[in-house]
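Everything on this sheet refers to the single structure shown next.
For the single chain, residues carry numbers from 1 onward in sequence order. Both counts, for ligands and for their atoms, begin at 1 and track the order of listing.
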Amino acid sequence: MPASQTFLIVGASLAGAKAAETLRAEGFDGRVVLLGDEPQRPYERPPLSKEYLRGEKDFDAAAVHSAGFYDEQQIELRASTVVTGVDPGASEVTLSSGERIGYDRLLVATGAAPRRLSVPGADLDGVHYLRSVTDADTLRHAIGPSSEVVVIGAGWIGAEVAASARQLGATVAMVELAAVPLERVLGPEVGAIYRDLHAEHGVDLHFGVGVDALLGSTAVEAVRLSDGTVLSATAVVVGVGVTPRVELAEAAGLAVDNGIVVDEHLQTSAPGVFAAGDVANAFHPRYGTRIRLEHWSAALNQGPVAARNMLGKATVYDRTPYFFSDQYDFGMEYRGWAPSFEQVVFRGEPASRAFIAFWLRHGRVAAAMNANVWDVGESIEALLQAGRPVTPARLADPEVDLAELAVSSTP
Ligand SMILES: Cc1cc2nc3c(=O)[nH]c(=O)nc-3n(C[C@H](O)[C@H](O)[C@H](O)COP(=O)(O)OP(=O)(O)OC[C@H]3O[C@@H](n4cnc5c(N)ncnc54)[C@H](O)[C@@H]3O)c2cc1C
C-alpha cells in the first residue's frame with residue numbers, strides 16, 4: 001500500500017477509533033483521517049447510563065484512547081467536524097465548511113441516533129435523550145434526591161437510567177408499552193425478572209400503557225399516560241430506541257436497508273467504502289442473514305475488521321453477538337442471537353438473581369444470558385458455536401458441565 005494513500009473514517013467513536021488504531025497496528029503508513037462531529041475525542045457510551053451518569057467515572061475512564069494517542073499514531077483526529085456529503089464516484093467527502101477531502105478508502109461509522117418522541121409537549125425543556133457525553137452531562141444535572149424522573153421506554157437505556165436515577169436518590173417512574181421491560185430482546189420471562197428488580201428498588205412501574213402528552217408551560221411538569229394517569233415530572237428521559245445514521249450513505253447512493261448494507265467483509269455496495277458499528281447491517285455467515293447490532297462489542301470488533309479489509313487483508317466478521325448491562329447490583333452478559341425462540345431454560349433460580357438463561361430454537365441454544373454468574377463466557381461461546389441439540393433438563397442441571405454440552409450430544 002503506497003504511503004501516499006488517504007484512508008478516511010467518518011464517525012469518531014468506538015468503531016471509527018478502533019479502525020484507525022488497527023490501520024496503524026497493521027502497518028499502514030499513509031494518511032489516516034478520523035472525522036467526528038462531537039467535540040470530544042472518541043469515547044465509549046456504556047458508562048453514560050451507568051458510572052459516568054452517577055459521577056463514579058470521569059471522561060478519561062470512558063475514552064477509547066489516551067489524549068496523546070492520536071498524535072503519537074499520526075492519526076488526524078478532527079473533532080467538531082461535520083461531514084455533509086460522500087461522493088463515491090469522485091472518492092471524496094465534503095465537510096460543512098465546504099472543504100473536500102479525497103480518499104482511497106472510506107469507512108462510514110456514523111452510528112445511531114435516538115428515536116424522538118412525537119407526542120404533544122415532546123419539545124419542552126427537561127425532556128432528555130441519552131446518546132452523547134454532552135447529553136449525559138445535562139441529564140446528570142437534572143437528577144438528584146429531589147427530582148422526579150419519568151423514564152419513557154424500558155429498553156436498555158431506559159432501564160439503566162432508571163436504575164442510576166434511583167441510585168442517585170431520585171423518585172423514578174417507568175412507562176412502557178410492552179408488558180415487561182426489555183421484552184423485545186429477552187421475551188416475557190426474563191423481562192419479568194427486570195420488572196421485579198425495578199419494583200424492588202422502588203420504581204413506579206406503568207407497563208402496557210403509552211404516553212399521550214408531556215405537560216408543562218416551558219419545562220416539563222408532568223406526563224399524561226394513555227390510561228389517564230398523570231405522573232409528576234421534573235425530568236423526562238426518552239429511551240425508545242435508535243435509528244442508524246444513514247443519511248450520508250443514502251445520499252451517496254449506497255445500498256441502505258435498516259442501516260448501511262454490508263457483506264461479511266463490511267464492504268458496502270460502493271467499491272472502497274466500508275461501514276461498521278451501529279450503522280452497519282452486516283451479513284453474518286453463521287446466521288446466513290444480515291444483522292444490525294447496536295452493541296458495544298460489535299463496534300469494538302467491527303472497526304478492526306473493516307480496517308483490515310480496507311488494507312486488502314480479507315477478513316470476515318463472524319463473531320457471536322455479545323452485550324452486557326448493569327442495573328443496581330444485577331449484572332449480565334448476553335451472547336447469541338434469538339430473534340425467535342421456543343423456550344427459555346434456567347440454570348439456577350431466577351429469584352436468586354444469579355442464574356443462566358438459555359433461549360432454545362429448534363432444540364439448540366440460540367442465545368444465553370449469564371446474570372451475576374461469571375467466568376462461564378467461554379463455555380457458553382463453545383455451546384453456541386457447536387450448535388448441538390441439547391435437552392432442557394441437561395441445560396438446567398448445574399451438575400452437567402456446560403463445556404461438556406458443547407461436545408456431547410443429547411443422551
Ligand atoms: C447511554 C448508552 C449506554 C450503552 N450501554 C451499552 C451497554 O451497556 N452494552 C452494550 O453492548 N452497548 C451499549 N450501548 C451501545 C453502544 O454504545 C453502541 O453500540 C456503540 O456506541 C456504537 O458505536 P459506533 O462507533 O458504531 O457508533 P456511535 O457510538 O454512535 O458513534 C458514531 C459517531 O459518528 C458521529 N457522526 C455521525 N454522523 C456524522 C457526520 N455526518 N459527520 C461527522 N460525525 C458524524 C456521531 O456523532 C458519533 O460520534 C450504549 C449506548 C448508549 C448511548
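- For ligand 1, none of its N or O atoms has an N or O atom of Gly16 under 3.5 Å away.
- Here's the thing with Ala15: one of its N/O atoms is less than 3.5 angstrom from an N/O atom of ligand 1.
- Close N/O approach between Gly11 and ligand 1 is not found [any backbone or side-chain N/O within under 3.5 Å].
- Checking only distances, Ser325 never comes within under 3.5 Å of ligand 1, N or O to N or O.
- By the 4.0 Å heavy-atom criterion, Thr81 is counted among the residues contacting ligand 1.
- Of the heavy atoms in Leu248, only side-chain atoms (C-beta onward) come closer than 4.0 Å to ligand 1.
- Panel note: side chain Asp212, backbone Arg224; no donor-acceptor pair is recorded below 3.5 Å.
- Contacts with ligand 1 closer than 4.0 Å are made by no heavy atom of Trp156, backbone or side chain.
- For atom 52 (C) of ligand 1, the choice among Ile157, Leu48, Asp326, Asp37 with the nearest heavy atom turns out to be Ile157.
- Among the atoms of Arg131, some N or O lies under 3.5 angstrom from an N or O of ligand 1.
- Residue-level proximity to ligand 1 for Ser132 is absent, since no heavy atom of it falls below 4.0 angstrom.
- Using bins of under 30°, 30° to 60° and over 60° for the plane-to-plane angle, the ring pair Phe323/Tyr334 lands in the parallel bin.
- Here Arg45 has heavy atoms under 4.0 Å from ligand 1 in both its backbone and its side chain.
- Here Ala136 has no heavy atoms under 4.0 Å from ligand 1, in either its backbone or its side chain.
- Side chains of Asp137 and Thr134: no donor on one and acceptor on the other come within 3.5 Å.
- At a 3.5 angstrom cut-off on N or O pairs, Glu38 counts as close to ligand 1.
- Remark: the backbone N or O of Thr94 is paired with a side-chain donor or acceptor of Thr84 at under 3.5 angstrom.
- The only member of Glu381, Glu333, Arg335 that meets side-chain hydrogen bond (donor to acceptor under 3.5 Å, both in side chains) when paired with Tyr322 is Glu333.
- Residue contacts with ligand 1, taken as heavy atom pairs separated by less than 4.0 Å, involve Lys50 solely via side-chain atoms from C-beta onward.
- When each of Arg45, Arg131, Arg78 is paired with Glu38, the salt bridge (charged side-chain N to carboxylate O under 4.0 Å, His left out) condition holds for Arg45 and for no other.
- Under the 30°/60° scheme for interplanar angles, the aromatic rings of Phe355 and Phe330 are found to be tilted.
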